[in-house]
Amino acid sequence: MLQHLKEVEGGCAGSVLITRTWTATDDCGNTATGQQIISLGDATPPVLVGVPEDATVECADIIDPSTVTAEDLCDDDVQVTYTEVVLDGPCEDSYTLIRTWVATDECGNSSWATRNLVVEDTTPPVLTGVPVDMTGECNDDGMPPPIANVTATDNCDADVTIVLTETYVDGPCEGTYVLTRMWTATDNCGNTATGSHTITALDGLPPALGAVPVDVTVECNESLPTPPAVFAEDLCSGDIEAIMTEETIPGICENSFQVIRTWTAIDPCGNSAALSQTITVTDSKAPVLGPVPKDVTLDCDGGDVPPAITVTATDNCDQDVDVTFTETEVPGTCAGAYTITRLWVATDNCGNTSSKVQHVYVGDEISPVIIGVPDDVTLECSTDDPPLPTVTAEDVCDPAVVLTLEETKVDGPCEGSYTLIRTWTATDACANTATASYSIQIGDQSAPIFVGTLPADMTLECDADVPAAAALTAEDNCDQDIDVLFDEVITPGNCPQSYTITRTWEAEDDCGNGTSYVQVILIEDATAPILEGIPADVTINLTLGQVVPKYPDGYHCH
């Protein structure tokens with residue numbers, strides 16, 4: 001058997017065609033052949049690796065194409081190509097991306113894979129700036145508020161359409177309403193978002209009442225004040241009617257009560273306000289009693305006690321005032337003395353009372369009288385204290401009045417002076433007292449007296465001798481040692497030889513009493529000069545050239 005092997009290279013790298021041929025020859029030369037062809041080459045396509053599965057994503061979540069590779073049994077560097085086809089969807093931001101990867105080896109074997117990426121917009125826009133719902137009074141300045149600046153953002157649509165609608169619904173009463181503002185945002189794919197702002201205007205405030213009078217109190221005899229014109233205003237409904245009701249409440253007495261006036265205003269929404277005035281009618285004035293007798297004092301020796309009188313009273317409201325009378329007797333502080341107290345009390349219907357009292361004093365209410373107390377006296381210190389005078393006391397009721405004497409000595413401002421005060425006190429049996437006193441002022445009231453012959457005033461010629469000052473002494477009724485002070489003053493006259501000498505002697509005792517003596521000596525020049533050597537009279541017939549004789553020599557005066 002003969003075996004033959006033939007190997008031929010293929011059309012691409014790594015491909016070989018092997019042909020095996022077997023020939024058999026028998027002994028007779030008969031042959032037979034058999035052939036085996038072995039094709040060695042790359043007939044297997046590459047395998048793609050990393051192809052993602054189909055997916056559905058939002059338009060804002062599109063991902064980049066994945067990196068896909070290929071593996072091959074023979075080719076170590078398989079080329080992968082990528083293509084992408086866009087299929088429009090039902091709206092602008094909805095479509096399908098068909099991504100295709102193709103791998104081909106060197107022998108032309110290829111394989112492919114696709115990924116369908118469905119892109120859609122199912123997310124609605126987001127509204128921003130929608131105000132929260134609000135409720136306010138119908139008259140508030142901010143009702144309704146201005147339309148808010150509402151905006152919208154979307155994951156895909158950069159210019160979202162916003163539509164505003166307003167719905168106005170009247171409330172249950174005047175001035176009330178519900179205003180609904182609805183913002184609708186729609187993106188390119190018809191996704192919508194809504195936001196609403198509900199503004200509710202209520203009338204929750206009651207009306208305001210004006211000119212309601214304040215509470216007053218009047219006396220029962222005064223007229224009730226006239227009701228004023230009370231007005232009512234409502235913030236939503238304007239002027240409304242105020243209705244007055246009046247209620248009378250009895251008081252604690254016949255002429256005391258209260259009148260309550262109430263003004264009520266109700267607005268169309270049922271809010272109500274009420275204010276009241278209370279007029280209190282009272283009887284606060286007490287009755288006025290008529291005159292009652294003045295108090296009476298009767299001596300202990302008796303006397304008719306005057307009878308009680310009938311007293312009436314008037315009142316501002318009560319026409320029939322009750323007047324009660326009581327009389328009590330209280331013993332006095334001594335035998336036979338007592339006091340009668342008469343009390344008249346007037347009470348009106350409301351319990352206001354007034355009263356008057358008369359006292360009748362019976363007994364010894366009169367103090368004793370002291371007799372014989374002398375007047376105050378002032379004595380010199382050299383005088384003895386005067387003897388006690390005869391002082392007595394008399395009393396209307398007590399024949400034996402107790403009379404006591406008290407002497408008080410008060411020292412004076414200087415030695416030997418003092419004041420003696422004698423005080424008598426008279427007390428009767430009922431302890432009524434009287435006092436009387438007089439004072440004896442002992443002191444030195446007299447000034448000292450100069451003793452002996454006092455120098456007389458004199459006038460002397462200037463050439464005469466001036467006598468020496470005398471030594472004067474003084475005596476006093478109280479002070480035994482009087483000092484005499486001397487002073488001399490010279491006063492110039494109208495020429496050099498003329499002057500005045502003033503001599504003053506002063507004497508003062510211990511109590512400040514003083515005396516003085518003044519001697520004035522006038523020194524003067526009262527003598528005229530004496531002329532000597534005066535010539536005898538002559539008669540001269542003056543002729544031409546003759547002159548009057550001159551004064552003679554030796555002319556002088558002395």
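If you're wondering where the values come from, they're calculated on a predicted model, not measured in any experiment.
Between Asn477 and Glu380, the side chains place a donor N or O and an acceptor N or O closer than 3.5 Å (distance only, hydrogens not considered). Checked by atom type, the side-chain pair Glu327/Thr341 shows no donor-acceptor distance below 3.5 Å. A donor-acceptor pair shorter than 3.5 Å can be found between the side chains of Glu219 and Ser284. In summary, the side chains of Thr491 and Thr500 do not present any donor paired with an acceptor at a separation below 3.5 Å, with no hydrogens or angles considered.
Between Glu394 and Pro399 there is no side-chain heavy-atom pair separated by less than 4.5 Å. In this structure, the side chains of Arg342 and Val311 stay at 4.5 Å or more apart for every pair of heavy atoms. Counting heavy atoms from C-beta on, the side chains of Glu461 and Gln497 never come closer than 4.5 Å. Side-chain contact between Asp283 and Asn316: present, with at least one pair of heavy atoms (C-beta onward) separated by less than 4.5 Å. Within the 4.5 Å cutoff, side-chain heavy atoms of Ile523 are placed close to those of Val466. Looking at heavy atoms from C-beta onward, Val178 lies in side-chain contact with Thr180 at the 4.5 angstrom threshold. Put simply, the side chain of Met134 reaches to within 4.5 Å of the side chain of Pro145, judged on heavy atoms. By the 4.5 Å heavy-atom criterion applied to side chains, Leu164 and Ile147 are counted as neighbours.
The closest donor-acceptor contact from the side chain of Gln441 to the backbone of Leu379 lies at 3.5 Å or more, if one exists at all. At least one donor-acceptor pair closer than 3.5 Å links the side chain of Asp376 to the backbone N or O of Ser439. When atom types are taken as modelled, the side chain of Gln277 and the backbone of Val214 share a donor-acceptor pair closer than 3.5 angstrom. Counting only distance, with no hydrogens or angles, the side chain of Ser354 and the backbone of Pro287 share a donor-acceptor pair below 3.5 Å. Between the side chain of Asp318 and the backbone N or O of Asn349 there is at least one donor-acceptor pair closer than 3.5 Å. At distances below 3.5 Å, not a single donor-acceptor pair connects side-chain atoms of Trp263 with backbone N or O atoms of Ala229. In this structure a side-chain-to-backbone donor-acceptor pair under 3.5 Å is present from Asp187 to Asn191. Of the possible donor and acceptor atoms, one in the side chain of Gln358 sits under 3.5 Å from a partner among the backbone N and O of Lys294. Glu524 places no side-chain N or O within donor-acceptor distance of the main-chain N or O of Thr459, the cut-off being under 3.5 Å. The backbone N or O of Thr347 lies less than 3.5 Å from no partner atom in the side chain of Asp322, so there is not a single donor-acceptor pair.
Between the OG atom of Ser437 and the CD atom of Glu407 there is a distance of 12.0 Å, given to the nearest 0.5 Å. Of the inter-residue distances, the one linking Ile421 atom CD1 with Ile440 atom CD1 reads 10.0 Å to the nearest 0.5 angstrom. The OG1 atom of Thr176 sits 7.5 Å away from the CG atom of Asp203 when rounded to the nearest 0.5 Å. Separation of atoms CG (Asp320) and CG (Asp348) is listed at 11.5 Å; rounding is to 0.5 Å.
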Is there a side-chain contact (heavy atoms from CB on, under 4.5 Å) between Gln258 and Thr248? Walk through the geometry before answering. CA-CA 6 Å; Gln258 283 186 331; Thr248 300; over 6 Å; no

| task | Assess whether side-chain contact (heavy atoms from CB on, under 4.5 Å) is satisfied between Met182 and Thr194, documenting all intermediate values. | result | CA-CA 7 Å; Met182 178 75 74; Thr194 59; 3.9 Å; yes

Does the side-chain contact (heavy atoms from CB on, under 4.5 Å) test come out yes or no for Ile340 and Val305, once each step is laid out? CA-CA 9 Å; Ile340 299 174; Val305 175; 3.8 Å; yes

query = Which is it for Leu388 and Arg422 under the side-chain contact (heavy atoms from CB on, under 4.5 Å) test, yes or no, and what are the steps along the way?
reply = CA-CA 9 Å; Leu388 285 174; Arg422 289 171 175 170; 3.5 Å; yes

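Cys414 has its SG atom within less than 2.5 Å of the SG atom of Cys511. Between Cys350 and Cys253, the gamma sulfurs sit within a distance below 2.5 angstrom.
Residue Ala429 comes nearest to Asp398 through the heavy atom pair N-OD2, 2.8 Å, listed as atom of the first residue, atom of the second, then distance. Annotation for Ser272 and Pro206: closest pair O-CB, 3.2 Å, computed over non-hydrogen atoms. Nearest heavy atoms, Cys220 versus Val281: CA-CG1, 3.7 Å. Here the closest non-hydrogen pair linking Ala201 and Cys138 is CB-CA, 4.2 Å. Here the closest heavy-atom approach between residue Asp457 and residue Gln519 is recorded as OD1-CA, 3.3 Å. Closest of all the heavy-atom pairs between Ala265 and Ile240 is CB-CD1, 3.9 Å.
Heavy atoms of other residues, nucleotides or ligands lying less than 6.0 angstrom from CD of Glu488 number more than 12. Environment of CD1 in Ile449: sparse, with no more than 12 heavy atoms of neighbouring residues, nucleotides or ligands closer than 6.0 Å. Annotation for Ile249: atom CD1 counts as buried by contact number, over 12 foreign heavy atoms lying within 6.0 Å.
The aromatic rings of Trp424 and Tyr438 lie parallel to each other, with less than 30° between the two planes, well short of the 60° mark. Using the six-membered ring where Trp is involved, Trp505 and Phe486 have ring planes that are tilted, between 30° and 60° apart.
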